[in-house]
Q: 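Sending over a structure as structure tokens; questions will come in a sec.
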Amino acid sequence: MKRDDYLSWDEYFMGIALLSAQRSKDSNTQVGACIVNQEHKIVSVGYNGMPTGCNDDDMPWEREGDFLNTKYPFVCHAELNAILNRSAGSLQGCSLYVTLFPCNECAKAIIQSGIREIIYYDNKYADSDATKASQRMFLLTGVTCRPYHHTERQMTLVL
């Protein structure tokens with residue numbers, strides 16, 4: 001008899017995004033992303049971190065202070081890393097599982113890459129202008145966005 005308590009595709013791919021977030025060295029915000037094609041195959045993963053070649057120990061991780069002494073001009077977001085890290089092929093028609101709703105800069109890369117669906121774990125910056133700009137661009141380009149529905153099983157996997 002087949003098991004009936006296996007992970008759904010959403011649980012599985014969001015689990016990969018949550019696991020990927022744990023690779024981030026950012027002490028405040030860890031974000032993970034998992035890009036999946038229409039055949040339910042993982043095309044790429046990413047997490048927020050410094051660009052390749054920049055030593056994490058030599059880079060600022062602060063959130064406040066002089067702009068060049070904060071992480072903001074340097075950190076690559078999880079979505080952008082996942083787009084750039086793909087091994088090969090097009091992202092046309094793919095879905096993006098991400099632990100934090102994309103900012104406006106990542107939204108542009110998502111749209112340009114051909115990703116058509118976003119499943120997000122959290123939207124804690126929903127009232128920010130960056131998120132509002134993302135939502136507007138997604139609406140105008142037909143990229144669908146939906147919240148991930150947390151399950152008890154998923155919560156235990158995160159812990």
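Throughout, numbering of the chain's residues begins at 1 and tracks the sequence.
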Q: Considering residues, nucleotides and ligands other than Arg86, do more than 12 of their heavy atoms fall under 6.0 Å from its CZ?
A: yes
Q: Apply the test side-chain contact (heavy atoms from CB on, under 4.5 Å) to residues Cys103 and His77: give CA-CA distance (whole Å), side-chain angles for both, the deciding distance (0.1 Å), then the verdict.
A: CA-CA 9 Å; Cys103 73; His77 289 186; 3.5 Å; yes
Q: Kindly compute the distance separating OG (Ser95) from CG (Asp10), expressed to the nearest 0.5 Å.
A: 8.5 Å
Q: Indicate the atoms forming the closest heavy-atom contact of Val98 with Ile118, along with that distance.
A: CG1-CG2, 4.1 Å
Q: Are Leu80 and Phe74 connected in the hydrophobic side-chain network, where two residues link if heavy atoms are under 4.5 Å apart?
A: no
Q: Can you tell me how far apart CD (Gln22) and OG1 (Thr99) are? Round to the nearest 0.5 Å.
A: 9.0 Å
Q: At what distance, to the nearest 0.5 angstrom, does NZ of Lys71 lie from CD of Glu64?
A: 10.5 Å
Q: Could you pull out the closest heavy-atom pair between Ala82 and Ala33, with the gap in Å?
A: CB-CB, 4.1 Å
Q: What distance do Glu79 atom CD and Glu105 atom CD have between them, rounded to the nearest 0.5 Å?
A: 11.5 Å
Q: Quick one: are Tyr125 and Leu100 in side-chain contact, heavy atoms under 4.5 Å?
A: yes
Q: In terms of hydrophobic clusters joined by side-chain contacts under 4.5 Å, are Met59 and Phe67 together?
A: yes
Q: So, Ser113 side chain and Leu91 main chain: donor-acceptor pair closer than 3.5 Å or not?
A: no
Q: With a 4.5 Å limit on heavy-atom distance, are the side chains of Tyr47 and Asn81 in contact?
A: no
Q: Heavy atoms, side chains only, cut-off 4.5 Å: are Leu96 and Ile119 in contact?
A: no
Q: Output the distance between atom SG (Cys145) and atom CG (Leu139), rounded to the nearest 0.5 Å.
A: 9.0 Å
Q: What residues form a side-chain contact (heavy atoms from CB on, under 4.5 Å) with Asn48, not counting sequence neighbours?
A: Ser24, Asp26, Val31, Val75
Q: Does the side chain of Tyr120 come within less than 4.5 Å of Met14's, by heavy atoms?
A: no
Q: State, with a plain yes or no, whether a side-chain heavy atom of Thr70 is found less than 4.5 Å away from one of Arg63.
A: no
Q: Quick check: does any side chain N or O of Arg116 sit under 3.5 Å from a backbone N or O of Thr144, one acting as donor and the other as acceptor?
A: no
Q: Do Tyr6 and Glu11 come within less than 4.5 Å of each other through their side chains, counting heavy atoms only?
A: no
Q: With ring pair (Phe, Tyr, Trp, His ring centres under 6.0 Å) as the test, would you mind laying out the steps for His150 and Tyr121 before giving the verdict?
A: CA-CA 8 Å; His150 307 268; Tyr121 190 86; 4.1 Å; yes
Q: Work out which heavy atom in Val143 is nearest to a heavy atom in Ile115; give both atom names and the distance.
A: CG2-O, 3.6 Å
Q: Could you state the interatomic distance from CD (Gln112) to OG1 (Thr141), rounded to the nearest 0.5 Å?
A: 9.5 Å
Q: Could you give me the CA-CA distance, side-chain angles and deciding distance for Ser134 and Thr131, then say whether side chain to side chain donor-acceptor pair (under 3.5 Å) is met?
A: CA-CA 5 Å; Ser134 297; Thr131 298; 5.7 Å; no
Q: Work out which heavy atom in Asn104 is nearest to a heavy atom in Met137; give both atom names and the distance.
A: O-CE, 3.5 Å
Q: Shared ILVMFWY cluster between Leu84 and Val45, side chains joined below 4.5 angstrom?
A: no
Q: Taking the six-membered ring for Trp, are Phe101 and Phe138 parallel (under 30°), tilted (30 to 60°) or perpendicular (over 60°)?
A: perpendicular
Q: Do Asn28 and Trp61 make a side-chain contact, defined as non-hydrogen atoms from C-beta onward lying under 4.5 Å apart?
A: no
Q: Looking at side-chain heavy atoms only, is the closest gap between Ser44 and Ile83 below 4.5 Å?
A: no
Q: Under the salt bridge (Lys or Arg N to Asp or Glu O under 4.0 Å) definition, can you give me all pairs with a residue in residues 117-129, not counting sequence neighbours?
A: Glu117-Arg146
Q: Sequence neighbours left out, what passes side chain to side chain donor-acceptor pair (under 3.5 Å) with Lys132? Give chain and number order.
A: none
Q: Do the ring planes of Tyr97 and Phe13 sit parallel (below 30°), tilted (30 to 60°) or perpendicular (above 60°)?
A: tilted
Q: Mind listing the closest non-hydrogen atom pair of Ile35 and Cys94 along with its distance?
A: CG2-CB, 3.7 Å
Q: Indicate the atoms forming the closest heavy-atom contact of Gly46 with Ser20, along with that distance.
A: O-CB, 3.8 Å
